[in-house]
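Along the sequence shown, residues are numbered consecutively beginning with 1.
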Amino acid sequence: MVAQFLRLKLRLLANIFRRSPWQVVGIIVGLVYGVGAAALLFVSLVALRFSDDVEVIRDVFIVVGGATFIGFVIFPLVFGVDDTMDPRRFALFGVPNRTLALGLAVAATIGIPSFVLAIVLIGTVVTWSRGVGETIIAILAAAAAFATCLLLARVATSVASVLLATRRAREVSGVLGVLLIVLLSPVIVVLVSIDWASSGLDVLESVAGLLGWTPLGAAFAAPGDAAAGAWGVALLKLVIALATLGVLWLAWAAVVARVLVTPGREASAKSYRGLGWFDRMPHTATGAVAARSITYWGRDARYWMSMLMIPVVPVLVLVPLSLAGIPLAYTALVPVPLMCLLLGWSLHNDTAFDNTAIWLHIASGVRGAADRAGRLVPVLITGALVIGLGSAVTVFVLDDWRLLPSIIGVSTALLLAGLGVGSLASARFPYPAVKPGDSPFQQPQSTGAITALVQSITMIGSLIVALPAVAFATLALLVDPAWHMASFAAGVGLGLLVLVAGIWLGGRVFDRRGPEILAAALRA
């Protein structure tokens with residue numbers, strides 16, 4: 001039976017080369033990169049065989065190995081994968097649960113990730129082959145680590161196939177996964193900034209010392225401890241690694257038994273009363289478009305992704321600035337204007353997000369100005385909250401309320417200018433976007449130089465409009481606080497001017513180019 005599963009997995013693996021030529025080329029390129037990286041790591045691990053820094057090598061292996069274990073769990077749960085060997089596909093064949101669990105686990109050894117992992121773990125065996133005892137422990141630990149990774153992936157994939165069965169669940173998990181990865185960026189920046197020559201090794205030793213006694217690092221710590229002469233500790237950690245593998249096998253067998261009798265989840269149909277935002281907004285063309293836009297921002301994962309990233313980007317900017325030694329009095333002024341810049345920029349291609357639904361606006365004769373203005377409502381509401389709350393928090397943290405006019409002026413200029421320029425750009429230069437219902441991480445069907453050009457123009461246009469407000473705010477900080485009111489007046493005045501002009505010009509373009517906009521949506 002196990003041989004049947006192995007043959008099936010080999011057939012499935014061979015079928016990936018029967019796709020379109022360009023897909024096959026992409027697969028081959030990815031395979032070459034993966035095998036090349038594994039070969040490079042293998043050579044590096046072989047070279048470490050002749051290094052005497054046993055403790056340092058052990059600590060690095062523990063930390064990297066623990067991260068690898070976490071990756072095999074997080075990736076299927078967050079992003080989901082197409083499980084070609086889902087246990088539920090074999091439910092009608094009458095295979096005993098234990099036999100099915102064993103066959104699927106063995107079949108998991110065939111695949112590109114498992115092949116790359118095996119090469120790297122063989123390299124670790126070479127690294128610790130400094131004697132007969134060390135080599136035996138290294139082989140057992142590598143085998144335990146390999147099996148543990150595969151079982152972790154199998155358990156996580158099977159759980160994800162149940163939890164992420166609906167499109168909405170996959171979208172939410174994907175957005176949260178990207179958010180988690182982005183939030184880890186400051187941690188990477190901090191790690192890079194550590195002076196590893198003086199204090200970094202102490203930090204590494206502390207983390208590895210704790211992680212080595214856990215299931216995440218025991219398998220990678222045992223060979224290093226044996227090479228360092230701590231045989232008792234090495235054997236104890238090897239027992240922890242093997243016990244972890246045994247528990248995972250029991251968990252995998254239980255998951256297979258449970259999945260075989262669990263039907264797939266289906267998206268539950270929601271019942272709504274009334275017309276939602278269409279009841280709450282004014283019964284005009286602008287109000288109808290605004291209600292439709294607010295509904296999009298509340299339900300569409302493509303908009304969720306933009307909204308979640310806006311408060312995260314300032315964090316990514318502040319961490320390097322703080323590490324560079326820039327005082328808090330200056331770095332605290334960055335988040336609110338930066339979020340407003342991104343908010344204003346977010347609508348520069350909003351027309352393309354409608355895809356073929358844009359025909360509703362064109363066929364019903366909605367005036368372009370009403371379309372342009374209605375789309376701005378959810379962003380204006382969000383921007384007003386960001387400016388109001390963010391400005392108050394900023395001046396409270398800095399304990400200087402004189403800064404309030406400048407913060408409001410600069411932020412308002414960036415927000416309104418971005419919306420004004422975007423209202424014109426989204427009507428005149430819509431470029432392909434992710435289709436409604438698709439994953440927010442899926443690439444558009446076609447892209448070109450127009451994409452980068454439109455994105456750059458809208459971003460630069462917002463910055464140019466906000467320059468006077470920024471200049472007056474700089475004078476207020478460095479010369480005379482009286483310039484704060486000038487920054488407020490310039491920012492709000494120019495922002496409103498560009499917003500009104502953008503709605504008017506964008507509306508005229510929308511009225512004139514309605515058929516071309518619909519044709520572009522049909523082609524995308």
Side-chain angles (χ1 to χ4, degrees), residues 2 5-6 8-13 16 27 30-31 33-35 37-38 41 61-90 97-122 124 141-165 169-170 173-174 176-178 180-181 211 214-220 241-260 262 264:
V2 174
F5 282 110
L6 289 174
L8 177 60
K9 187 61 181 289
L10 285 173
R11 179 63 61 86
L12 291 172
L13 190 62
I16 66 175
I27 293 171
L31 181 61
Y33 272 108
V35 174
L41 286 173
F61 280 14
I62 293 173
V63 174
V64 175
T68 303
F69 277 4
I70 294 174
F72 272 88
V73 176
I74 294 297
F75 188 86
L77 286 177
V78 171
F79 298 103
V81 293
D82 185 14
D83 189 7
T84 57
M85 301 290 285
D86 191 333
R88 286 177 294 186
R89 300 186 179 187
F90 304 93
N97 293 345
R98 292 275 179 173
T99 304
L100 180 61
L102 177 62
L104 294 177
V106 175
T109 60
I110 299 177
I112 297 174
S114 56
F115 179 67
V116 172
L117 179 64
I119 293 176
V120 175
L121 289 175
I122 292 173
T124 63
F146 181 75
T148 300
C149 284
L150 296 185
L151 286 179
L152 284 173
R154 289 303 311 162
V155 172
T157 302
S158 296
V159 172
S161 67
V162 176
L163 298 180
L164 306 181
R170 290 192 296 270
S173 65
L176 294 178
V178 171
L180 176 63
I181 293 173
L211 199 62
T214 66
L216 292 176
F220 302 96
L242 295 175
T244 301
L245 178 59
V247 171
L248 269 177
W249 164 252
L250 295 178
W252 167 238
V255 167
V256 170
R258 180 69 176 176
V259 166
L260 287 176
T262 303

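For Phe146, there are no ring-ring contact (aromatic ring centres under 6.0 Å, His included) partners at least two apart in sequence or on another chain. By the side-chain contact (heavy atoms from CB on, under 4.5 Å) test, Arg258 pairs with Thr262, sequence neighbours left out. Residues meeting the side-chain contact (heavy atoms from CB on, under 4.5 Å) test with Leu41, sequence neighbours left out: Val120. Listed by chain and number, the residues in a side-chain contact (heavy atoms from CB on, under 4.5 Å) with Ala145 are Phe69, Leu121, Ala219, Phe220 (sequence neighbours excluded).
Nearest heavy atoms, Val256 versus Asn97: CG1-O, 4.2 Å. Closest non-hydrogen pair, Trp252 versus Ser158, comes out as CZ3-OG, 3.3 Å. Nearest heavy-atom pair, Gly66 versus Leu211, reported as atom, atom and distance to 0.1 Å: CA-CD2, 4.3 Å. Among all heavy-atom pairs drawn from Val73 and Ala156, the shortest one is O-CB, 3.6 Å.
Rounded to the nearest 0.5 angstrom, Leu216 CG and Leu152 CG are separated by 8.5 Å. Here the CH2 atom belonging to Trp249 is positioned 11.5 Å from the CZ atom belonging to Arg154, to the nearest 0.5 angstrom. Interatomic distance, Thr124 OG1 to Ile119 CD1, rounded to the nearest 0.5 Å: 12.5 Å.
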Which atom pairs, one a donor and one an acceptor, fall under 3.5 Å between side chains of residues 102-118 and the rest of the protein, sequence neighbours left out?
| residue | atom | partner | partner atom | Å |
| --- | --- | --- | --- | --- |
| Thr109 | OG1 | Val106 | O | 2.5 |
| Ser114 | OG | Thr109 | O | 2.8 |
| Ser114 | OG | Gly111 | N | 3.2 |
| Ser114 | OG | Gly111 | O | 2.9 |

